[in-house]
Amino acid sequence: MQRKRYSPGRVPGTLLGLGAGLAVVAGALTGCSAADTAEDVTVDAKAGAAAAPVAPPGRYRTLFEPCGAVPQATLRDLLPGTAALTDVERAAVLRGTAAVTYDTDRRVGCAWTADSGNGTHRLVLDVERVVSYDPTVSDAARAQEVYTRKQLAAGIAVPETPAPTPTAPTTAATASGATKASATGAAATPTGTPSPPTASGGATPPGPGAPSAGTPSAPATTGLEPRLLGGLGDIAFVGDTLGTTGGSGTQRVVSVVFRTSNVIVTVEYRQRTTGAAAAPDSKELQDRAQNLARLLADRLEE
């Protein structure tokens, strides 16, 4: 058989086809890899753009059962009229009446009432867990807004943050101007200027800082007026109002409100007297309401 003639420098057609095929495959793989990388970069960029800072959730997710949160001994002190009741009647009063709410993880309450010979005592407990539906506002910040509205309704102003006091510049120009003004004033003031005449009888007119006659002085505070309280939750206040109730009766209502994270607790303690009985004592009611509020604040820490 006659052999094919070999010519140096010529590449067989089969090898040329194989090389072209490999080049096409390599190009396709490179194109896919580049496209995948571009898509990954695009997805990551979108994910980064969509991400936004989320405010932290509140500390509390549930609430305690309110009617059982107050010890029986405390209730008997707050409701002295229970001492004259039978055991069955006393047990029913101290059991309390739960408030009707639609979600006991968001809001709960309880009330107790007891009559006595010269009036009535009533205790109302309200506990609210605040939730913010704005992802950029924390539950605690939203609870502070609710608390602030309650504080303003009680007639207690919200303290304003004082603005920083600007510092006077101490430049050479200022010092020079002050020196010139001082020198000018000294030259314009004659020496030996007589002092202003005094009133007859040697009386000296009052200085600018002395109070003038007829100016009313500020009303004296008793320390029992509505005010902010310290050492109770994150922030707290006490309100106190006195009014009349039908005929000659009087009623005092004391409210202690405090916030701990995203929970707001309100303790309302009121006493109503009838006939010629003296008005309820403000200090006694405030002390009792504050003691109960501190007990409930400790309960939240458990």
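Starting from 1, each residue takes its place in the sequence as its number.
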V131 side chain reached by P57 side chain, heavy atoms, under 4.5 Å: no

R95 side chain vs T97 backbone, donor-acceptor pair below 3.5 Å: no

Derivation and outcome, side chain to side chain donor-acceptor pair (under 3.5 Å), residues S132 and D134: CA-CA 5 Å; S132 171; D134 186 344; 5.8 Å; no

Q251 and R270, any side-chain heavy atoms less than 4.5 Å apart: yes

Path from L295 to V70 over hydrophobic side-chain contacts below 4.5 Å: yes

N/O donor-acceptor pair under 3.5 Å between R129 side chain and R61 backbone: yes

Which atom of A114 lies closest to which atom of V93, heavy atoms considered: CB-CG1, 4.2 Å

Stepwise salt bridge (charged side-chain N to carboxylate O under 4.0 Å, His left out) check, D139 with R142: CA-CA 5 Å; D139 294 343; R142 187 68 73 200; over 6 Å; no

Residues R107 and T101: side-chain donor-acceptor under 3.5 angstrom: no

L228 side chain reached by V238 side chain, heavy atoms, under 4.5 Å: no

Ionic contact status for E145 with K150, cut-off 4.0 Å: no

Nearest heavy-atom neighbours spanning S116 and G81: CB-CA, 4.0 Å

Flag for T250-T273: side-chain donor and acceptor within less than 3.5 Å: yes

Charged N-O contact under 4.0 Å between D240 and R252: yes

Candidate pair L229 and F237, rule side chain to side chain contact (heavy atoms under 4.5 Å, CB included), full reasoning: CA-CA 5 Å; L229 297 175; F237 73 85; 5.5 Å; no

Transitive ILVMFWY side-chain link F64 to V108, under 4.5 Å: yes

Which atom of G109 lies closest to which atom of C67, heavy atoms considered: O-SG, 4.5 Å

Closest non-hydrogen atom pair, V256 against A289: CG2-CB, 3.8 Å

Verdict with reasoning, E65 to R299, per salt bridge (charged side-chain N to carboxylate O under 4.0 Å, His left out): CA-CA 11 Å; E65 197 282 312; R299 176 68 182 268; over 6 Å; no

Reported OG-to-CD distance for the pair S282 and Q271, which is rounded to 0.5 angstrom: 11.0 Å

Member of L232, V265, V263 meeting the side-chain contact (heavy atoms from CB on, under 4.5 Å) criterion with L296: V265

Exam field: side chain W112 to backbone L94, donor-acceptor pair closer than 3.5 Å: yes

Test side chain to side chain contact (heavy atoms under 4.5 Å, CB included) applied to N291 and T74, step by step: CA-CA 10 Å; N291 290 338; T74 302; over 6 Å; no

Approximate separation, where rounding is to 0.5 Å, of T260 OG1 and I235 CD1: 11.0 Å

Non-hydrogen side-chain atoms of L123 and L292 separated by less than 4.5 Å: yes

Side chain to side chain, K283 and L285, heavy atoms closer than 4.5 Å: no

Test item: T148 side-chain N/O and Q144 main-chain N/O as donor-acceptor pair under 3.5 Å: yes

Heavy-atom pair of closest approach, residues A55 and V137: CB-C, 3.5 Å

Considering all heavy atoms, the nearest P226-A154 contact: CB-O, 4.1 Å

Donor-acceptor contact present, side-chain Q151 to main-chain R149, <3.5 Å: no

Shared hydrophobic cluster, V130 / L300 (ILVMFWY, side-chain heavy atoms < 4.5 Å): no

Counterpart residues, side chain to side chain contact (heavy atoms under 4.5 Å, CB included), relative to V88 (two or more places apart): T86

Verdict with reasoning, L125 to E268, per side chain to side chain contact (heavy atoms under 4.5 Å, CB included): CA-CA 6 Å; L125 178 61; E268 181 185 281; over 6 Å; no

Passing option when H121 is tested against T113, L79, T82 for side-chain contact (heavy atoms from CB on, under 4.5 Å): L79

Test applied, side chain to side chain donor-acceptor pair (under 3.5 Å); reference residue, Y269; option that passes from E284, R122, Q286, R288: R288

R59 backbone acceptor or donor facing S261 side chain under 3.5 Å: yes

pair L63-T104: side-chain heavy atoms closer than 4.5 Å: no

F258 vs Y147, ring pair (Phe, Tyr, Trp, His ring centres under 6.0 Å): CA-CA, chis, key distance, verdict: CA-CA 8 Å; F258 70 91; Y147 168 87; 9.3 Å; no

